[in-house]
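Per chain, numbering begins at 1; letters A, B, ... match sequence-line order.
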There are 2 protein chains.
Amino acid sequence: MSHTPGAPGPRQAQKLRTRQALMSASLELLEQQSLSSLGLREVARAVGISPAGFYRHFCGIPELGVALVEETLGSLRTLIATILAETGDTERRIAHTVELIARHVAEQPAYFRFLVRERTGGVAPVRRAIATQLDLFSEELTEVLAAESELRGWQPEDLRMLAGMYVDQMVMTAAALLEAGPDDTAETARITRTARRRLRLINVGSEHWLDEGQPSSA
Amino acid sequence: MSHTPGAPGPRQAQKLRTRQALMSASLELLEQQSLSSLGLREVARAVGISPAGFYRHFCGIPELGVALVEETLGSLRTLIATILAETGDTERRIAHTVELIARHVAEQPAYFRFLVRERTGGVAPVRRAIATQLDLFSEELTEVLAAESELRGWQPEDLRMLAGMYVDQMVMTAAALLEAGPDDTAETARITRTARRRLRLINVGSEHWLDEGQPSSA
DNA sequence: GGAGTCAGTGAACAGTCGTACTCTGAAAAT
DNA sequence: ATTTTCAGAGTACGACTGTTCACTGACTCC
């Protein structure tokens, strides 16, 4: 019988396992190419199933790409939450955030490579999925910033602008770290150093944002 | 005879013409896909030459991509020079710069699409070529900023950091405008508005950069 | 325990791909 | 005027592509 809906059963368990295999194999293959040139057969071959079997999981490569977005950004969810919950003085927060990103990029390069590459890649549905997820992240950050005492009196639009800058800054930092590679420790140090300074500059700017009369129509 | 080295002659003139045709056809094809999935035959077919004829101009798609980087960023050279030579008060400079970018993106979407997409794309030589060109642009901007009276006393490294932020900001603005499409005037207006605010925030930050003791080792 | 579901197989389809080869004909060099 | 150069055509090659189809066999449900 096994009326427990939580228990997947050997059938669906195996299906989920190959589905996961398809996705992780794709991530590996995508380190050297981009999604729009990834072949359906190529992926199927990598996991050892026939090309037709691929269709049992995804109706095509674009759909697999969208699924990869969900998984990838889901896996970064804890990283994001950690960054959002960051407290303490600004300098520490910046240093900790950059270090967190650097560590995650070093540990899971494929995830970030996929996101950074396909964010502007040639597959529209995937591009949209990534944009949606990043917008969601940006919204969460906006709410965190709204609770910040230093940002009291900010207009909601400006808060969103600031959050967007932080998000884009993190993505660009990840991209730069990926380009350097994990072995180039000197370049990695240079990138994280610059990333900290950029965040610091944004922070300084936000501290004096209300000093000048910000035109509400500009 | 025609010993004038400047005169191309009908022979080389025709070769240059088909070479140019190959490149512009590629740019069109690349609006819907990325370079790593662009086919040699596909390009040859688009300009009406045989696949073998392609090799008379490029030894492969990656080489064509690198040539595209040169042409694309060469074509943006005047835009960049205009931005660099910008004078006047900050607010005007920001508004003018953003407007310049928006106009160029609307007029030559394919150029920017190619740069934005392949900047993080799957073809390493092209990625490196774009990075080199953008670094060059960043260096030029650094020198312009060094002459700025408001930035007197800045360390060279901080100037490079600031220039890099401006450059990345422009690239991201172009990317956002491309994603919106030229018809969505409301979204376009929203993007340029946000872009102006971002530049303004960076500017405010740079005005107060030296206020706080900037740790030289952070 | 018998019927149905369904992940995965294997073969076949019509294409496309990159590359290599010889050949042509007009421009260039002598 | 004759020879050389060379952009491009044409052909052929083997390999790879996405998609469809009927099929198998282990699981699920009643």
Looking at [X], does any N or O in its side chain come under 4.0 Å of the phosphate oxygens OP1/OP2 on [N]?
X	N	result
B:S50	D:dT11	no
B:T18	D:dA7	no
B:Y55	C:dT19	yes
B:Q14	D:dG8	yes

May I ask you to say whether A:R198 pairs ionically with A:D168, meaning some side-chain N is under 4.0 Å from a carboxylate O? no
Of the candidate nucleotides C:dT9, D:dT28, D:dG18, which contains the atom at the shortest distance from the side chain of A:R41? D:dG18
D:dT19, D:dT17, C:dC21: which one has an atom nearest the side-chain heavy atoms of A:L40?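 For A:L40, the side-chain atoms sit closest to D:dT19.
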[atom1] of [X] versus [atom2] of [N]: gap in Å, rounded?
X	N	atom1	atom2	value
A:R11	C:dG4	CZ	P	15 Å
B:R17	C:dA27	CZ	C1'	14 Å
A:L22	C:dG8	CG	C1'	11 Å
A:F54	D:dC21	CZ	P	19 Å
A:K15	C:dT9	NZ	P	14 Å
B:L16	C:dA27	CG	P	16 Å
A:Q12	C:dT5	CD	P	15 Å
B:R56	C:dA26	CZ	C1'	14 Å

Between A:L38 and A:A52, which is nearer to the 5' end of DNA chain D once each is assigned its nearest nucleotide?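 In this pair, the answer is A:L38.
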What does A:R45 touch in the nucleic acid at a heavy-atom separation under 4.0 angstrom: a base, only the sugar-phosphate, or nothing? sugar-phosphate
Contact check, side chains of A:E157 and B:R193, non-hydrogen atoms, under 4.5 Å: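 Yes, close enough: below the 4.5 Å cut-off.
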When rounded to the nearest 0.5 angstrom, what is the spacing between OG in B:S138 and OH in B:Y166? 12.0 Å
Heavy-atom closest contact (B:R127 atom, A:E179 atom, distance):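 The answer is NE-OE2, 3.1 Å.
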Looking at every non-hydrogen atom in both residues, tell me the closest pair between B:A195 and B:T173 and how far apart they are. CB-OG1, 3.6 Å
